[in-house]
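Indexing begins at 1, ligand by ligand and atom by atom, following the structure's order. What's counted below: heavy atoms across the whole structure, side chains too, no hydrogens, waters or symmetry copies.
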Amino acid sequence: VKIGIIGAGNMGGGLGRHWAGKGHEIMFAAGNPADAEAAAKAAGSTAQSGTTAEAAAFGDAVLLAVPWTSVEEAVKDAGSLDGKVLINCSMPLAPDYMSLLVGHTSSGAEEVQKLAGGARVVLAFNTAPAQVIATSPFEGDGVSVFYCGDDAEAKGVARGLIEDAGFNPVDAGALQNARLLEPMTELLIQLAFVQGMGANVAYQLLHRPAE
Ligand SMILES: NC(=O)c1ccc[n+]([C@@H]2O[C@H](COP(=O)([O-])OP(=O)(O)OC[C@H]3O[C@@H](n4cnc5c(N)ncnc54)[C@H](OP(=O)(O)O)[C@@H]3O)[C@@H](O)[C@H]2O)c1
């Protein structure tokens, strides 16, 4: 898959490295072009850097991984995202990270869908801390990554990219379920930084067929 990554920080940089390692072609964009260039260098020979508009045009799938305060500008700079699989992990966190700015009646992912009209938005990776993405440190059955969206084909692309990043995908339904998945990120933040568990915390969904 050709993947444009808007936001080459902890999330975008880490996921881009996994995807490049699986042979996907990557183009990184960041606020500072030097940061996008550094992420491309770290990801290897299938990765390059460009402007936000170039990364958006390049990708069949586009990852949006910018701070919430930059989401509107980044989507505007991207230009047309019509038809693109737009995987969002950007979270509507309050400046102190201790609460969500959107919830119950909307979600960050639904707000991104409003900004990026023709894109096929999928929320994914928001429940996986960057530290976990960077190092895959868990033994055994692996880490669950929940995803939700309204377009079946776009969700299929996201599912493949979740697997290629080393995680177990869990289909969490329609995009509106972002209202449920985004608070799970806030719970992780509370566990990690208020309860003192540290940033290597992750979800694993257990499931067996009903009897
Ligand atoms: N870190 C986590 O564990 C985690 C987990 C789940 C969800 N998230 C969410 O994922 C998003 C990214 O988090 P992160 O930790 O990766 O942040 P980060 O390390 O600060 O990286 C943010 C990236 O976005 C770029 N950026 C900022 N404004 C931009 C703009 N207007 N246009 C294009 N690129 C822009 C930055 O570029 P410059 O630095 O060059 O300006 C940087 O490369 C956030 O919304 C966060 O809430 C993070």
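Distances between N or O atoms of Met91 and those of ligand 1 include at least one value under 3.5 Å. Of the polar atoms of Pro129, none of the N or O atoms is found under 3.5 Å from an N or O of ligand 1, judged by distance alone. Considering both main-chain and side-chain atoms, Ala130 comes within under 3.5 Å of ligand 1 through a nitrogen or oxygen pair.
Taking every heavy atom of Ala65 and a limit of under 4.0 angstrom, the matching atoms of ligand 1 come to 11 (C), 12 (C), 22 (C), 23 (C), 24 (O).
Distances from atom 15 (O) of ligand 1 to the heavy atoms of Ile6, Asp35, Asn10 show the closest one on Asn10. Heavy-atom proximity to atom 48 (C) of ligand 1, evaluated over Lys76, Glu182, Gln131, Met11, is greatest for Met11. In the candidate list Asp77, Val66, Asn32, Val66 is nearest to atom 11 (C) of ligand 1, counting heavy atoms.
Within the 4.0 Å cut-off (strictly below), a protein heavy atom is located near atom 37 (O) of ligand 1. At a distance under 4.0 Å, a protein heavy atom can be found next to atom 40 (O) of ligand 1.
The shortest contact between atom 25 (C) of ligand 1 and any protein heavy atom is with Gly7 CA, 3.7 Å.
For Ala128, every heavy-atom contact with ligand 1 shorter than 4.0 Å involves the backbone, none the side chain. Looking at Asn126 against ligand 1, only its backbone comes within 4.0 Å, counting heavy atoms. Residue Leu93 touches ligand 1 through its side chain alone, judged by heavy-atom distances below 4.0 Å.
For the pair Glu54 (side chain) and Ser49 (backbone), a donor-acceptor distance under 3.5 Å is absent. Although no hydrogens or angles enter the test, the distance criterion places no donor-acceptor pair under 3.5 Å between the side chain of Arg179 and the main chain of Gly103. Looking only at distances, no side-chain donor or acceptor of Asn88 sits under 3.5 Å from a matching main-chain atom of Val121.
Contact check on Asp171 versus Arg159 returns no salt bridge, with no Lys/Arg side-chain nitrogen under 4.0 Å from an Asp/Glu carboxylate oxygen.
Taken to the nearest 0.5 Å, the NZ atom of Lys84 stands 9.5 Å off from the CZ atom of Phe58. Between atom CD1 of residue Ile6 and atom OG of residue Ser70 there is a gap of 11.5 Å, rounded to the nearest 0.5 Å.
The neighbour count for Glu72 CD, taken as heavy atoms of other residues, nucleotides or ligands under 6.0 Å away, does not exceed 12.
Listed by chain and residue number, Leu93, Tyr97, Met98, Thr185, Glu186, Phe193 satisfy the side chain to side chain contact (heavy atoms under 4.5 Å, CB included) test with Ile189 (two or more places apart in sequence, or in another chain).
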Do Lys76 and Glu73 pass the salt bridge (charged side-chain N to carboxylate O under 4.0 Å, His left out) test, and can you show the C-alpha distance, the side-chain angles, and the key distance before you say yes or no?
CA-CA 5 Å; Lys76 194 164 149 256; Glu73 183 184 66; over 6 Å; no
